[in-house]
Amino acid sequence: MTESRRLDRLTSMMRRRGIVLPSFEIYGGVAGLIDYGPVGARIKRKVIDAWIHHWTSGGDIVEIDSPTITPKSVLVASGHVGEFNDHMSECKNCKSVFRSDHLIEAVHPNPDTLDGKQLDSLIESNGVKCPNCNEKDWADARPMNLMFPTTIGAMSNGREAYMRPETAQGMFMLFPSLYRHFKQKLPFGAVQTGRGYRNEISPRQGMIRLREFNMAELEYFIDPQNPPSGDLSSNKSEICLIPDPEGEFAGDKQMTFEEACGLGIIRHSTVAWFMSRTYGFLTGIGIDPHKIRFRQHAGSEMAHYATDCWDCEILGEYGWIECVGIANRTCHDLESHESHSGTNLMRSWRQFETPKKISGEALSPVGSVIGPIFRQRAGEVSSALSNLDEIPPSFPFKLALNDGSEVEITNDMATISKVDRNLHGEWFTPHVIEPAFGIDRIIWHLLDHSFVEDGKDEEEYVTLRLNEAICPYDVSIMPLFDKDGMDVYARSIFDKLLAIRGIQIDLDSSGSIGKRYARADEIGIPWAVTIDHTTLQDGTVTIRRRDDQVQVRVDSDDLFKHVSSGTIESLF
RNA sequence: GCGCCUGUAGUGAAGGGGUUAUCACAAGAGGUUUCCAACCUCUUGUCCCGGGUUCAAAUCCCGGCGGGCGCACCA
């Protein structure tokens, strides 16, 4: 039983039992696209439900839902269009492919601002050699667009759009609505689960790198001057932390979140709080706590929008895989959307404890003089005058306009007036802390960590020790014999349990009872209820616990009660 | 995108120019007082797709698609 074969056995089982399968297989399949089968879709639903509940149960976070089709302008503002239109250069000699901007990093301060032709000419003029074979024979740079383009509108004059590469932009678009919903008080957050799309060059590793994938993202809006944090001391677990290798705390650490935050390893208290709650979520649905670590991004690998980022990595058959990214996105997105869209709604009001007294002098433009002199430009001159921070000591003076030109202002064009008022607060752009979860990757690791092969002797016996919160079926009903009235009795229990909202029940009457237990164990059904001869006499059934095969006999009424309340465990 | 390896029932495998493609497990029907993958009978179901070579291709060749690994990429 070598470890690499375990991966094969797990993926075979997932196909065979309808958990996760390649998509469109009868047409040859498509790399990077997967289906969740009948069993897998149940697991996925439960993981997402658990995730939504985990974050919204505090009352300060709400769920939203926005389109996957996103107009280009939104993604220009977010930076994705620029970031995603990287160019690739191919060495004609050895066929190696490199990012064009990386090739000329040494000779240009901002290579990612260049277009294809500029990149080619710089590569040519600087004689850049292929890092692989040292030749200088480059093909023209080709854009590598990692977003799926589409068009809104069926006709040729449709609007350019992309399938969203992340769900986060939906939360930013709704910031004004969220701000009103939360009575204009920070902090608050919004979550969204749904599909994201990235046209990966080469998807690999099963459900780890997909082209269409399930994300669950949370944007938590805070006042940067008053960053909130929950009670970190409630989590006593020692966590594996890998701080920024270029920073002062380089080197693996093992400590609580509270300690790491106190020492400044985690730089932001709100980030620390979300790391702790992320840890709580993952372990709560069945991720092995010993296979979780948090790795801080070095400055050089940080996403274009983030100033501090921790990846939560989970260990599985593919090694350590990033499953959650917790980033401090600061005010980047809201500010960028405000300037690109021209709105002024992406802000929050910060009330001063005591109003600030503003007294000073201000220039008031005299319209009747400015108008005739500057004509079309009069409006611009007036607003430039009003916005002057410092009043020049004497007239006339040169006033700079937005277009770069200067005009002369004489003393008849403006009057100086005294200003006295109280400032009760100020507008600012909230900062955003974003935990972003890769749901498919988390599901993979849940399956990986639950997949236990512990057959006696030579025989392999597979149990999927899934946490009850995410099991595909809650209970499997098994008539010991599929006759003599046991079949009818089983059916009646099946129907009655199925009627309970949110409960999924499996009914299995084929094959020997041992085989049925094995089938149920393999897809992680935690409880098996058996109807036998005694049931027909006194209405009691046996309940078998998946993880240790222990059975108890209870009245079927008690079964209904405990299934409804999710307290079967208390019967043991 | 590149290189190497690879693709046979639901799953895992054997076969490697020539009768009707083989096996195990799984699945379906029936039988068996059947509580931890028991047994018996019967049944269903497979050569990734497209070209080429050949009298004959699952087998050899080419291309595509998919998978694994390495390089590159992974906001």
Side-chain angles (χ1 to χ4, degrees), chain A residues 4-5 7-18 21-33 37 75 78-86 88-99 102 112 130-133 139 142 144-147 165-166 168 196 198-206 208-211 297 301-306 309 318 321-322 325 327 436 438 455-456 459-463 478-484 486 509-522 528-534 541-544 546 548-551 553:
Chain A
S4 66
R5 298 286 301 283
L7 173 61
D8 296 337
R9 290 192 300 273
L10 175 52
T11 49
S12 294
M13 188 277 280
M14 284 162 59
R15 286 180 180 213
R16 189 161 36 79
R17 299 306 307 272
L21 313 83
S23 294
F24 310 113
E25 213 180 2
I26 63 169
Y27 287 102
V30 180
L33 300 180
L75 296 163
S78 70
H80 287 95
V81 169
E83 286 286 320
F84 272 56
N85 282 324
D86 290 329
M88 302 290 285
S89 294
E90 182 179 353
C91 170
K92 288 185 195 167
N93 181 50
C94 70
K95 304 292 179 197
S96 297
V97 179
F98 303 91
R99 271 178 63 164
H102 287 182
D112 50 358
C130 171
N132 185 44
C133 68
R142 284 174 300 175
M144 170 190 70
N145 192 344
L146 289 184
M147 290 194 292
E166 59 172 21
R198 297 177 190 183
N199 205 352
E200 295 280 352
I201 298 167
S202 90
R204 288 278 171 88
Q205 300 175 304
I208 300 298
R209 272 175 73 185
L210 297 169
R211 290 192 161 120
H297 280 207
E301 75 171 310
M302 212 94 75
H304 66 269
Y305 45 72
C309 187
Y318 294 111
I321 297 290
E322 172 197 351
K456 299 173 188 73
E459 207 174 26
E460 272 172 19
Y461 194 94
V462 170
T463 307
M478 304 176 180
L480 191 57
F481 301 91
D482 198 24
K483 58 183 182 184
D484 301 340
M486 285 175 244
S509 58
S510 67
S512 72
I513 191 71
K515 180 173 278 187
R516 285 180 260 164
Y517 288 146
R519 270 199 293 251
D521 288 344
E522 192 176 39
V529 169
T530 307
I531 285 83
D532 56 16
H533 293 103
T534 314
V541 296
T542 63
I543 305 177
R544 169 188 178 273
R546 175 193 68 206
D548 59 5
Q549 296 89 49
V550 170
Q551 281 184 297
R553 182 171 281 279

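Note: hydrogens, waters and symmetry copies are ignored here, and every other heavy atom, side chains too, is used. Within every chain, numbering begins at 1; the chains are lettered A, B, ... in the order of the sequence lines, protein sequences first and strands thereafter.
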[N] base to [X] side chain: any donor-acceptor pair below 3.5 Å?
X	N	result
A/R544	B/C36	yes
A/Q551	B/C35	yes
A/R546	B/C36	no

Pairs: protein N or O with nucleotides 7-12 of chain B N or O, under 3.5 Å:
| residue | atom | partner | partner atom | Å |
| --- | --- | --- | --- | --- |
| B/U11 | O3' | A/S12 | OG | 3.3 |
| B/G12 | OP1 | A/S12 | OG | 3.1 |

Enumerate the protein-to-nucleotides 38-44 of chain B contacts in which both atoms are nitrogen or oxygen and the separation is below 3.5 Å.
| residue | atom | partner | partner atom | Å |
| --- | --- | --- | --- | --- |
| B/A38 | OP2 | A/S512 | OG | 2.5 |

>> Restricting to side-chain hydrogen bond (donor to acceptor under 3.5 Å, both in side chains), what partner residues turn up for A/S23, sequence neighbours left out?
In response: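 In terms of side-chain hydrogen bond (donor to acceptor under 3.5 Å, both in side chains), with neighbours along the sequence ignored, A/S23 is linked to A/D35.
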>> Rounded to whole Å, please give me the gap between CD1 in A/I201 and P in B/A72.
In response: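 In whole Å, B/A72 P lies 12 Å from A/I201 CD1.
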[N] pairs with, by Watson-Crick or G-U criteria that keep both distances under 3.5 Å:
N	result
B/C4	B/G68
B/A58	none
B/A24	B/U11
B/G30	B/C40

> Between A/S202 and B/A72, does any side-chain N or O lie under 4.0 Å from OP1 or OP2?
Replying inline: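 A/S202 to B/A72 OP1/OP2: no side-chain N or O under 4.0 Å.
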